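See structure below.
Every number for a ligand or one of its atoms is a count from 1 in the order of the listing. This chain uses plain numbering: 1 for the first residue, then up along the sequence. Small disclaimer: the values here were computed from a predicted structure and weren't measured.
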Amino acid sequence: MSNRIHTLSGYFHEYQKSVTEPEKFWARIADSFHWKKRWDKVLEWDFESPDIKWFVNAKLNITENILERHLYTIGDRPAIIWEPNDPSEEGRTITYRELYHEVCRFSNALKSKGIGKGDKVIIYMPMIPEAAVAMLACARIGAIHSVVFAGFSSTALSDRVNDCGAKAILTSDGNFRGNKKIPVKEVVDTALENCTVETVIVVKRTGQEIDMLDGRDYWWHEVIEGHEDNNVAEEMDSEDMLFILYTSGSTGKPKGVVHTIGGYMIYTKYTFENVFQYSQGDVFWCTADIGWVTGHSYIVYGPLLAGGTTVMYEGVPTYPDAGRFWAVIDKYRVNQFYTAPTAIRALQAFGTEPIQQYKLESLKVLGSVGEPINEEAWHWYHTHIGKSKCPIVDTWWQTETGGIMISPLAGITPTKPAYATLPLPGIQLFVMDADGNKLVGNSVEGNLCIGFPWPGMIRTTYGDHDRCKQTYFSTYKGMYFTGDGVKRDHDGYYRILGRVDDVINVSGHRFGTAEVENAINEHPLVLESAVVGYPHEVKGQGIYAYVICDMTNRTEANLTNEIKESVTKIIGPIAKPDKIQIVSGLPKTRSGKIMRRILRKVAEGNLDNMGDTSTLLDPEVVEEIIKGRK
Ligand code: PRX
């Protein structure tokens with residue numbers, strides 16, 4: 001049964017119902033899923049604690065809603081179409097029936113290694129079908145997966161293993177990315193010098209030489225041998241954890257965002273079908289990596305819960321050339337294409353020549369996610385990729401929200417470039433001023449909050465519930481605070497203005513300024529650093545680091561490189577600062593607080609008005625910083 005909205009008046013009608021009778025609304029959606037036992041109550045909530053429960057005491061297994069549910073109806077339909085990095089290598093199409101058997105077989109193998117309900121399993125894998133099989137196999141036996149983006153460093157990996165107390169790591173020997181062969185198992189081995197797991201299972205992908213530790217490391221193809229390709233899915237509670245996904249905040253180390261089974265399940269399917277207007281038989285392609293929430297919700301769970309066909313691409317947008325995305329769209333006749341503004345801007349830089357030889361006629365819907373899309377990129381996407389006939393859905397959401405929150409419904413909601421437009425049913429938005437007042441009416445700007453629970457929302461931050469409370473539920477009483485600034489225009493349409501906290505969004509990836517500073521400070525010659533974001537043509541935001549360091553026997557060039565290496569080692573290459581300025585001091589208030597406002601202005605090149613600098617301890621520092629600007 002589909003809960004798809006078909007008209008604009010239908011949207012307003014559903015939205016109204018979702019606000020006036022939210023429990024009835026979501027119960028109706030949940031009724032279209034398979035539950036082993038129905039709920040006693042739809043919702044229990046308190047934003048103070050916070051304590052949120054959807055479908056109280058209901059029992060289910062999410063994989064039954066993906067596998068068994070589709071086995072006898074659409075068993076032969078492609079569930080996953082996998083496109084390898086190298087276009088001359090043959091891809092793979094996995095039907096729902098094959099997926100059922102692969103997931104069952106691998107979940108049996110996991111059980112034989114002593115992994116079961118409640119155990120944490122880290123997935124550190126490239127974009128290969130086994131990554132999706134691994135996620136579903138965990139869910140099938142009640143293990144909690146935590147996917148770590150395979151571009152993160154060994155330090156980032158071991159931090160996550162330790163934080164969640166993982167029992168196993170699922171990985172690969174290596175990773176093909178463009179013309180590079182990247183070691184993956186080697187990174188796992190280095191990580192395991194600082195953490196312990198009982199089991200490591202390795203997919204053979206590149207065939208490169210790797211070390212295997214006896215009694216701990218097993219090949220995927222060997223470990224599945226002899227196991228049955230069916231089983232009965234574990235009975236789980238609706239509020240049991242489905243996964244932990246680490247994401248950066250404005251303070252401290254990345255935190256483990258926890259999502260639970262029942263609510264996440266219905267929210268990802270509902271939003272997938274409605275936002276993209278997905279029809280049975282369509283081919284959907286989301287270019288994200290499964291290491292991010294977009295990959296979780298819109299490569300794996302949303303499309304597969306909907307019985308859809310999801311494309312998974314191993315490589316990068318520009319390999320072997322800048323026409324690769326368009327080639328893949330034509331090859332599989334992709335109907336809905338979902339990517340990030342940073343990818344659009346990077347491809348836009350190659351002009352329209354790489355698009356010319358492709359028809360792109362299968363496309364019906366284009367999607368954007370991860371960061372604000374600038375109007376120029378929006379128009380380019382609309383004109384050259386969508387041939388002016390495909391609606392663009394600019395989808396705003398977060399790791400914490402589980403699924404899309406503000407977005408047009410494709411072809412239904414009139415769009416406006418750079419606007420995420422209207423909230424989805426069930427999402428009660430508030431624009432707040434700095435003093436905690438609700439800004440009512442249209443043409444207002446403030447901080448974006450959500451005043452009522454939705455099924456896909458964060459339940460806690462793993463191992464530190466107080467952090468969840470402090471980060472999201474304390475700034476505005478009784479509200480979930482998103483960390484984003486927003487404008488509600490004269491039409492009541494929402495435009496996301498970007499983060500209002502110390503989070504930088506680089507190519508759609510989140511980093512906390514403190515997290516990058518800590519990595520820079522690991523360099524033995526660095527005394528202090530301050531990091532800010534600045535507008536970057538392709539990445540949206542770039543990372544600008546001001547660093548005080550001991551320059552004895554060092555040139556600026558080699559220090560800068562070493563600092564970049566330090567960040568690569570501690571976080572990963574994606575967090576490398578774009579610009580590093582060596583300074584002798586940082587602008588600080590008398591109480592010792594760094595005035596980031598000034599640093600941001602210098603990084604942006606906005607030098608005319610530095611604002612009030614009278615409270616600075618040493619105003620001359622500002623002059624020096626301006627002179628040495630990169
Ligand atoms: O600032 C918003 C931005 O990305 C942040 C969430 O990042 P993450 O948890 O990594 O999830 C990214 C994918 C869902 C938000 O707080 N953001 C995400 N989508 C948009 C956006 N900013 C503007 N427009 C969007 N469509």
Do any heavy atoms of Gly370 fall under 4.0 Å from ligand 1?
yes
My understanding is that only residues two or more places apart in sequence, or in another chain, count here; which of them pass side chain to side chain contact (heavy atoms under 4.5 Å, CB included) with Val431?
Leu439, Val444, Val486, Arg488, Tyr494
List ligand 1 atoms under 4.0 Å from Ile496, heavy atoms only on the residue side.
22 (N), 23 (C)
With heavy-atom distances below 4.0 Å as the criterion, list the atoms of ligand 1 near Thr395.
19 (N), 20 (C), 25 (C), 26 (N)
For ligand 1, which atoms have a heavy atom of Trp397 less than 4.0 angstrom away?
6 (C), 14 (C), 15 (C), 18 (C), 19 (N)
Can Tyr246 and Lys253 be counted as having a side-chain donor-acceptor contact under 3.5 angstrom?
no
Just checking Lys569: does its NZ atom have more than 12 heavy atoms from other residues, nucleotides or ligands closer to it than 6.0 angstrom?
no
For atom 9 (O) of ligand 1, what is the closest protein heavy atom, and at what distance to 0.1 Å?
Thr399 OG1, 2.5 Å
Residue, atom name and distance, where the atom is the protein heavy atom closest to atom 25 (C) of ligand 1:
Glu371 O, 3.5 Å
Do Asp51 and Lys53 meet the salt-bridge criterion of a basic N to acidic O distance under 4.0 Å?
yes
Asn505 heavy atoms within 4.0 Å reach ligand 1 at atoms 3 (C), 4 (O)
Under the 6.0 Å and 45° cation-pi test, does Lys269 pair with Tyr301?
no
What is the nearest protein non-hydrogen atom to atom 15 (C) of ligand 1, stated with its residue, atom name and distance?
Asp484 OD2, 3.1 Å
Can you name the side chain to side chain contact (heavy atoms under 4.5 Å, CB included) partners of Asn175, sequence neighbours left out?
Pro126, Arg177, Ile182, Val184
Using a plain distance cutoff, I'd like to know if Arg499 has any nitrogen or oxygen under 3.5 Å from a nitrogen or oxygen of ligand 1.
yes
Show the atoms of ligand 1 that are less than 4.0 angstrom away from any heavy atom in Thr294.
13 (C), 14 (C)
Treating Thr471 as the side-chain partner and Cys468 as the backbone partner, does any N or O pair qualify as donor plus acceptor under 3.5 Å?
no
The atoms of ligand 1 lying under 4.0 Å from a heavy atom of Arg510, numbered in the order shown, are 6 (C), 7 (O), 8 (P), 9 (O), 10 (O)
Protein contact of atom 23 (C) of ligand 1 - nearest heavy atom, named by residue and atom, plus distance:
Pro372 N, 3.1 Å
Using only heavy-atom distances, determine whether the side chains of Tyr534 and Gln541 contain a donor-acceptor pair under 3.5 Å.
no
